[in-house]
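Have a look at the structure below, then the notes.
Excluded from the calculations below are hydrogen atoms, water molecules and symmetry mates; all remaining heavy atoms, backbone and side chain alike, are included. Throughout, residue positions are numbered sequentially from 1 according to the sequence presented.
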Amino acid sequence: ANSGIFLDSDGTFNLATDSSNFIRKNGSDLQIKSENTLLTGSNVEILTPKFFIGSDTNNISSSNGGTILLKAANTRAILDRTATDKKLNLEFNTAGTTNWTLGNIAESNDNFYIYSSDGAGDKHISLTPDSTTFHTNVTASGNISASSVSVGGNVSASGNIFGKSL
């Protein structure tokens, strides 16, 4: 009963094989439903201010507020930098100005950096498999503890400094 082709002079149409596989226009709505869909092309654009892909428990969505939400019980997002000479970063902007960048924007290595803008010269923290380097002043309230510490340059402190085998 739901299969076949229906065309009306007002633009309403229904192309269906069953209730799970159809393309129809009814009023202002265009509905496409398929159990299996393949959409390919060298220049495919889907332009919309709002989208939802997935189910209630596993999805990627966006709204007019500019948020992209990845939702799943065990969410894992993989950002794959295809080669060490490629950029891979997340930018945090305010009114179009990049204030913070996380990732690797100009280095030919696999390290992770935190930059204070969108430029490689504004590096604040470098994380490598073996070390963490702060390229700026470090301020802490409370205690700082470490083992096997090497300090170069001046150290200033107010209060007491405790150490063993200084």
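A donor-acceptor pair is defined here as one N or O able to donate and one able to accept, closer than 3.5 Å; such a pair exists between the side chain of D18 and the backbone of N21. Checked by atom type and distance alone, the side chain of N104 pairs as donor or acceptor with a backbone atom of N111 at under 3.5 Å.
Between E107 and K123 the shortest side-chain heavy-atom distance falls below 4.5 Å. In this structure, the side chains of T133 and I125 stay at 4.5 Å or more apart for every pair of heavy atoms.
Cluster annotation: V44 and L30 are assigned to distinct hydrophobic clusters (Ile/Leu/Val/Met/Phe/Trp/Tyr, side-chain heavy-atom contacts under 4.5 Å, transitive). Taking hydrophobic clusters as Ile, Leu, Val, Met, Phe, Trp and Tyr residues chained together by side-chain heavy-atom distances below 4.5 Å, I32 does not share a cluster with F6.
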For residues 88-96, run the donor-acceptor check on the side chains, cut-off 3.5 Å, and write out each pair with its distance to 0.1 Å, sequence neighbours left out.
{"residue": "N89", "atom": "ND2", "partner": "E91", "partner atom": "OE2", "Å": "3.4"}
{"residue": "E91", "atom": "OE1", "partner": "T98", "partner atom": "OG1", "Å": "3.3"}
{"residue": "N93", "atom": "OD1", "partner": "T98", "partner atom": "OG1", "Å": "2.9"}
{"residue": "T94", "atom": "OG1", "partner": "N99", "partner atom": "ND2", "Å": "2.8"}

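A search for ring pair (Phe, Tyr, Trp, His ring centres under 6.0 Å) contacts involving H135 returns nothing, not counting sequence neighbours. Residues satisfying the side chain to side chain donor-acceptor pair (under 3.5 Å) criterion with T136, sequence neighbours excluded, are absent altogether. In terms of the side chain to side chain donor-acceptor pair (under 3.5 Å) criterion, residue partners of T37 (sequence neighbours excluded) are, by chain and number, S34. Under the side chain to side chain donor-acceptor pair (under 3.5 Å) criterion, N36 pairs with no residue, sequence neighbours left out.
Among all heavy-atom pairs drawn from F112 and G103, the shortest one is CE1-N, 3.6 Å. Between S20 and E35, the closest heavy-atom pair is CB-OE2, 3.4 Å. Of all heavy-atom pairs spanning H124 and S116, the tightest one is NE2-CB, 3.0 Å. Summarising the geometry of W100 relative to Y115, their closest heavy-atom pair is CE3-O, 3.0 Å, with the distance given to 0.1 Å.
A donor atom on one side chain and an acceptor atom on the other are found under 3.5 Å apart for S117 and D122. With 3.5 Å as the limit, one finds no donor-acceptor pair spanning the side chains of T128 and D130.
Among pairs with a residue in residues 8-47, none fulfils ring-ring contact (aromatic ring centres under 6.0 Å, His included), at least two apart in sequence or across chains.
Partner of T12 under the side chain to side chain donor-acceptor pair (under 3.5 Å) criterion, chosen from D8, N14, D10: D10.
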